[in-house]
Protein chains: 2
Amino acid sequence: MNRTAPREDRRQLLLEEAARLFDAHGYDRTSVRQLADAVGLQSGSLFHHFDSKESILLAVLEHTIELMIERLAAAAAAPGDSRQRLEALIRAELELLHGATRHGVAVAFFQWRSLSTQSQQQILKLRERYETIWLEALELAHRDGLIVTDPFLTRRLLTGAHGWTIYWYRPDGSLDLDRLAEEVGRLLTRQ
Amino acid sequence: MNRTAPREDRRQLLLEEAARLFDAHGYDRTSVRQLADAVGLQSGSLFHHFDSKESILLAVLEHTIELMIERLAAAAAAPGDSRQRLEALIRAELELLHGATRHGVAVAFFQWRSLSTQSQQQILKLRERYETIWLEALELAHRDGLIVTDPFLTRRLLTGAHGWTIYWYRPDGSLDLDRLAEEVGRLLTRQ
DNA sequence: CAGTCTACCAAGCGCTTGCTTGGTTGGCAA
DNA sequence: TTGCCAACCAAGCAAGCGCTTGGTAGACTG
């Protein structure tokens, strides 16, 4: 059929569609046939692009986390004091969770358990870079007396609080994303 | 073989083992054969006790949430002011997540998406009773000026923060559960 | 403009899945 | 002591799974 799509574009489309389906139904309940249907291929043809179903999940996660690091680093690099930096990170993570990148990010938060142990380790190493950015900002905020709770603990509680928004928060509802970010910031910092 | 176990005991053992396996590997990656092995039955014999695999998950969730309501209600009924009540609820939820009940509770937090839509609705109705207890306590705390964030919002952020502890917190580590509960309480309330 | 190679299809393989069926056993009630 | 029935086993079925194989169309290369 349509063989005009260059190699990298096809792969990109595949990853996007995979992220969408894995987010919507979960990795385990998504079959390679469903994914193939979604991109207009026969199920076997997927394995021309990927070694295995798991390698698709792994690719989605790698691609997504790279993007998360990029966005978070950009937010951290913006000028401002420790409070403004912290607020920027909160907003950035919520935007990752609810913007155009949401499917991949949701998969990164809640589908990593479907990976083999070694693939999990691989992803964990990537994710560490993301978490480092967070910890630096939180330690700064801690030194400035902005937050009182231990930065590690704060981050882990925040990770859960943010990730869970997937299940209840919709940015087109009555509470817009900036307001939500503001509220979260208020909870974390001295009141 | 061992046919001495009365009906209800067998069912209870099955639910406990199912909760353990669903927590450890996820519902979708747990086969009925694995569950049957764990309780010393042939896979087909499970269907003498349950209609389907999904009905096992549903039973686990129902049983677990009933228990969660029980424990939370007990914590809410203890004497004390609104701060003490809030702290009691936090401790109760963390104990549910990390005590003897942890497998079922983990399944309740993270495996409900494997249910059919109507089963999810059924569980949601049960869960509402649990959330009501939380909201009453949070509204009280809000009226007393103890928390400044909207009770609904607070609860949803807290749900995620608490649920996520499954993935990083171990009560036998350097931070004991009461200390963790204390820190969470400190984050929520005026500092 | 012949040869190559990438991206695909059609078919299906081997295996696992949830679940069913038919028969057996042992405790218990009458 | 007989008859019943709940609780099981042994076997296997149909469907769906991830993935492989062999072949081919069409764009690109030399």
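Chain letters run A, B, ... following the sequence lines, proteins first and then strands; every chain starts at 1.
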Closer than 3.5 angstrom, by distance alone: can the side chain of Lys125(B) be matched with the main-chain N or O of Gln120(B) as a donor-acceptor pair?
no
So, is the end of the Arg127(A) side chain (NZ or CZ) under 6.0 Å from the ring centre of Phe109(A) and within 45° of the ring's axis?
yes
OP1 or OP2 of dC8(C) less than 4.0 angstrom from a side-chain nitrogen or oxygen of Gln42(A), does that happen here?
no
Surrounding NE2 of His142(A) (heavy atoms of other residues, nucleotides or ligands, distance under 6.0 Å), is the total greater than 12?
yes
Students often get this wrong, so: under 4.0 angstrom with heavy atoms, is Leu41(A) touching a base, only sugar-phosphate, or nothing?
sugar-phosphate
Do the side chain of Thr101(A) and the main chain of Leu96(A) share a donor and acceptor less than 3.5 angstrom apart?
yes
Atom pairs under 3.5 Å: protein N/O with N/O of nucleotides 15-20 of chain C:
residue, atom, partner, partner atom, Å
dG18(C), OP1, Thr30(B), O, 3.4
dG18(C), OP1, Lys53(B), NZ, 2.8
dG18(C), OP2, Val32(B), N, 3.0
dG18(C), N7, Arg33(B), NH2, 2.8
dG18(C), O6, Arg33(B), NH2, 2.9
dC19(C), OP2, Lys53(B), N, 2.5
dC19(C), N4, Ser43(B), OG, 3.2

Test side-chain contact (heavy atoms from CB on, under 4.5 Å) applied to Glu54(B) - qualifying residues, sequence neighbours left out
Tyr27(B), Ser52(B), Leu115(B), Ser116(B), Ser119(B)
Within this structure, what is the CG-to-P distance between Leu57(A) and dG18(D), rounded to whole angstrom?
12 Å
Tell me: NE2 of His48(A) to C1' of dT24(D), nearest whole Å?
13 Å
Let me know the distance between CG of Leu21(A) and P of dG18(D), rounded to the nearest Å.
12 Å
May I ask you to decide if Ser43(A)'s main-chain N or O and Arg33(A)'s side chain share a donor-acceptor pair within less than 3.5 Å?
no
In whole angstrom, give the distance that lies between atom CG of Leu46(B) and atom C1' of dA7(D).
12 Å
